[in-house]
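Let me begin by presenting the structure, written as structure tokens, before commenting on it.
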Protein chains: 2
Amino acid sequence: MHYSNTYTRKLVEQYREISLLNKTKALLDWDLNVNLPSKASEARAAQMAQLTALTTDRWLDTKFRLLLEKVNEQKDKLNDHEKAMMRNLNWSAKYYYHVPKELIVEFSKTTSEAFMAWQQAKKDNNFKLFLPHLSKVIKLNQLVAQHLGFTDNPYDALLDQFEQGLTTRQCKTMFDHVRRELKKLLTYIQKSKYYRESLDLVGEKHHYSLKRQRQLSQFALKKMGYDLDAGHFSESPHPFTMNIHRLDVRITTWYDRHDPRPSLMATIHEAGHALYEQGISEEYDVTPLDSGVSLGIHESQSRFWENQVGRNPVFLYFLTPVLQAFFPEQLADVHEEEITRLFNLVQPSLTRVEADEVTYNLHVALRFELEEALINNKIKPNDLSEIWKVKMKEYIGVVPTTDREGVLQDVHWSYGVFGYFPTYTLGNLYAAQFTRTMKKELPLDELLRRGDLGTVLSWLRENIYQYGSLYWPDELVQRVTGEKLNASYLIDYLNHKYRAIYT
Amino acid sequence: MHYSNTYTRKLVEQYREISLLNKTKALLDWDLNVNLPSKASEARAAQMAQLTALTTDRWLDTKFRLLLEKVNEQKDKLNDHEKAMMRNLNWSAKYYYHVPKELIVEFSKTTSEAFMAWQQAKKDNNFKLFLPHLSKVIKLNQLVAQHLGFTDNPYDALLDQFEQGLTTRQCKTMFDHVRRELKKLLTYIQKSKYYRESLDLVGEKHHYSLKRQRQLSQFALKKMGYDLDAGHFSESPHPFTMNIHRLDVRITTWYDRHDPRPSLMATIHEAGHALYEQGISEEYDVTPLDSGVSLGIHESQSRFWENQVGRNPVFLYFLTPVLQAFFPEQLADVHEEEITRLFNLVQPSLTRVEADEVTYNLHVALRFELEEALINNKIKPNDLSEIWKVKMKEYIGVVPTTDREGVLQDVHWSYGVFGYFPTYTLGNLYAAQFTRTMKKELPLDELLRRGDLGTVLSWLRENIYQYGSLYWPDELVQRVTGEKLNASYLIDYLNHKYRAIYT
């Protein structure tokens with residue numbers, strides 16, 4: 001990395017301390033989800049709290065702030081890398097400099113308790129246990145939004161924490177469009193003669209060996225080019241990716257002994273996140289450019305690999321003999337077309353994480369609307385359980401009979417996280433738009449049909465991964481695709497794909 | 001915990017920060033040995049270095065030092081817990097306050113490089129690659145010893161780092177006694193008609209399923225009372241225990257597909273360490289009393305469980321049907337007596353970690369003598385390879401043909417660790433002495449014969465574990481056994497046991 005002055009160099013050196021602490025925190029977090037013995041939760045929470053305090057202290061350190069201001073003053077003289085680093089530092093610093101430390105501490109304490117209450121509430125299917133915590137989390141988020149500042153809507157301040165510059169207005173336009181079009185597509189699919197409520201190949205009466213499923217995942221990881229010498233693959237209650245360092249990007253999956261799809265699809269999804277991190281330019285290591293730029297762009301990569309590759313009929317054509325080799329008893333006589341339908345089953349369902357490509361974004365739309373309404377006091381937390389049911393009926397056409405499968409299903413609010421959900425749909429939009437560009441430059445279907453994922457990975461590294469956080473999402477999309485984010489590409493893609501499958 | 005004044009309370013509160021950092025470092029260390037992808041070593045080293053620096057800063061922090069001095073001044077007014085905490089803090093602080101920070105940094109840098117050189121040297125069987133690093137490590141240890149201070153021998157200062165108050169003089173007396181007696185016993189055994197060079201039940205042509213071995217280890221852990229909800233059991237290249245917190249004590253083992261003994265014995269050994277940590281009084285959590293008091297006492301517990309329990313003929317009598325159930329093909333027709341001989345095979349061997357109970361301490365004696373001579377410049381590192389061979393011939397009766405199996409076999413020196421080895425033999429001595437007392441209070445053989453390990457664990461918790469670092473080794477041994485450390489108990493135990501097996 002070339003520095004145009006010693007202040008910037010010093011600033012990045014000081015930031016290195018923050019970055020290293022964050023990497024250690026990431027390891028503790030990964031370990032918590034994979035290895036931590038049940039009795040050690042409190043002990044681990046104390047370790048995490050210490051690291052958070054150490055990080056906060058470093059952001060608030062006077063020398064660091066002065067250095068930051070000094071470099072900000074000479075912004076115009078910086079080179080492009082430095083400008084990007086300063087933009088990222090200022091964006092991250094906002095939280096520490098605008099939100100009072102007492103509020104940060106209260107937020108952290110409240111969400112620790114809220115998470116435990118949510119776990120209990122979900123277990124007992126009792127929303128009331130979670131309600132007071134949720135109300136407090138909403139209040140604190142409203143306060144945080146006030147401190148962070150916004151022009152139109154306090155929810156904007158929260159959205160920006162997860163996707164730089166994202167606004168409520170943009171989300172509204174996006175979700176209106178997506179909802180309208182996907183509702184139409186869903187109605188079409190449900191009328192198709194191929195529409196199925198259930199499938200013969202998976203479920204209770206089938207047994208897919210876990211060992212074979214693990215091997216299948218490992219096959220997929222190898223094909224994708226996930227570097228196990230710079231990563232780690234294991235199992236956890238919920239699949240996730242943890243980026244500890246470019247050379248230590250860990251993923252997990254889960255297993256269902258009655259169905260090989262959840263493990264394979266989760267593996268491909270998480271490996272998509274991981275390939276992004278593993279592909280970032282080495283010279284950005286331990287600088288403010290060293291990781292994926294936003295949640296939306298990150299999700300675009302997990303979803304690209306999961307859907308545009310993993311669920312692509314031409315890739316499933318390639319994968320069919322592999323699946324048959326791993327599960328001959330169940331799949332030896334099954335035709336590619338049936339495999340394609342198996343992996344692309346569309347069906348209104350109650351839970352977001354199990355939703356198909358078509359209904360998934362309807363689940364997200366619902367959450368966006370509820371969050372925006374809650375932050376603006378348009379609805380009351382007390383009414384959430386009922387509103388959830390009404391909206392589910394309206395958007396997806398099914399209604400949960402329990403809160404466990406309804407308003408309590410997602411962990412996000414108990415973590416104190418508001419404004420995160422929309423990035424899931426953003427990811428799907430980016431993925432579709434990137435794919436359209438990729439198809440102009442690569443014979444994607446040909447490559448997938450013969451399982452050549454290396455060429456696909458090279459394109460992504462070249463065009464997206466290497467840049468890490470150098471370009472913010474808007475700029476990245478513009479550079480890669482030549483235009484702004486456009487929801488039509490997702491709609492076109494889904495219509496084209498699913499109207500072919502559900503002829 | 002009751003505090004007699006606010007200064008002590010404040011001091012322990014400040015120490016909490018050091019303790020939490022150490023726990024995080026312990027997790028990073030465990031992860032490094034179990035999960036770390038190969039390409040991430042440098043990245044991990046940077047995280048570790050940061051935590052070491054943060055810990056050192058806290059020890060050197062002016063407020064902390066002043067507080068420490070203040071409480072030291074009123075030592076006489078403290079209660080027993082406080083006195084023990086102050087004694088431990090002063091003992092730990094010595095290193096930070098006496099050794100200059102530059103030397104600490106150089107030591108850390110030198111040993112990082114020495115470790116890598118040792119790995120390569122061992123791989124290539126080329127002692128010369130390691131020699132310059134070893135020479136430097138010795139020089140730095142000599143410097144550290146000068147800074148720490150000593151009365152008789154610089155090696156005393158190094159010994160004290162691992163076992164409070166241990167001296168070269170004590171070690172000499174101990175090893176002279178042990179060497180003389182064990183040499184006699186070994187000669188006796190080698191003349192016995194039961195003496196065997198090799199065994200029919202294990203080795204190349206046998207296959208012991210790894211899955212079954214894992215289950216056998218899990219059976220042993222359950223029997224011993226190792227709490228998996230406050231621990232974690234997995235595999236690593238070298239078995240070890242990592243104490244992250246009383247409620248997060250992790251162990252690993254290794255597997256040999258041709259022999260079920262290494263995995264079972266390593267599991268029992270490491271679980272012995274873990275039971276000690278898991279049994280410490282809850283009120284000591286995150287204070288200077290919250291872990292095992294010394295390496296010697298720690299090793300006494302791993303060796304107690306491994307040898308006095310695991311290799312005890314009466315316990316093997318209980319274990320035989322279990323082994324037969326896990327490995328019917330290999331062991332169904334094997335008599336208890338043969339199982340006993342299998343687990344208690346005495347045989348001069350080249351490597352310490354594979355040595356039996358009788359020859360093990362001869363390996364340690366050799367290392368003690370070499371270390372003491374090196375630190376006092378009585379021998380030169382250049383001559384080590386040859387001296388090693390001569391001493392092996394003299395002490396154990398076998399001579400390594402390669403340095404890989406000779407002077408390069410142990411990792412310790414490459415870590416910069418001098419003065420550690422004697423604690424292995426100390427552990428064996430303590431274990432034998434504790435067992436003698438236990439036998440006065442418990443019908444140990446009866447209990448082991450029926451596999452009742454719970455009663456044994458209760459006795460150890462009651463008499464040793466709960467106290468954590470409250471009593472230093474000398475005091476603990478005196479309290480538990482009513483006398484000072486006495487090497488005769490180990491000699492008596494080994495003579496009694498092995499003269500019965502090798503009649």
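Reminder, nothing fancy here: chain letters follow the sequence lines and each chain counts from 1.
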Flag the one option from B/H245, B/R16, B/Q47 with the top tally of heavy-atom pairs under 4.5 Å to chain A.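 Counting heavy-atom pairs under 4.5 Å, the top option is B/Q47.
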
Pick whichever of B/G231, B/S234, B/A53 has the most heavy-atom pairs under 4.5 Å with chain A. B/G231

Below 4.5 Å, heavy atoms only, C-beta onward: do B/V34 and A/N35 meet side chain to side chain?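 Counting from C-beta outward, B/V34 and A/N35 never come under 4.5 Å.
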
Do B/L21 and A/L54 touch side chain to side chain, with heavy atoms closer than 4.5 Å?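 B/L21 vs A/L54: side chains touch.
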
Is chain B contacted by the side chain of A/D248, its backbone, both, or neither, given a heavy-atom distance below 4.5 Å?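 It is both, since atoms from each part get that close.
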
Checking A/R250 against chain B: side chain, backbone, both or neither under 4.5 Å from a heavy atom?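 Only the side chain of A/R250 comes within 4.5 Å of chain B.
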
With a 4.5 angstrom heavy-atom cut-off, could you sort out which part of [X] is near chain A: side chain, backbone, both or neither?
| X | answer |
| --- | --- |
| B/E17 | both |
| B/R44 | side chain |
| B/L36 | both |
| B/Q50 | side chain |

Nearest 0.5 Å, what's the CG-CG distance between B/L51 and A/L20?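 That separation rounds to 9.0 Å.
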
Atom pair CG/CG of A/D31 and B/L27 - distance to nearest 0.5 Å: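 So the CG of A/D31 and the CG of B/L27 are separated by 4.5 Å.
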
Going by the salt bridge (charged side-chain N to carboxylate O under 4.0 Å, His left out) test, which pairs reach into residues 224-234 of chain A, not counting sequence neighbours?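 Those involving residues 224-234 of chain A are A/D227-B/K39.
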
Please indicate whether [X] has more than 12 foreign heavy atoms, meaning atoms of other residues, nucleotides or ligands, lying under 6.0 Å from its [atom1].
| X | atom1 | result |
| --- | --- | --- |
| B/H207 | NE2 | yes |
| B/E42 | CD | no |
| A/E113 | CD | yes |
| A/R257 | CZ | no |

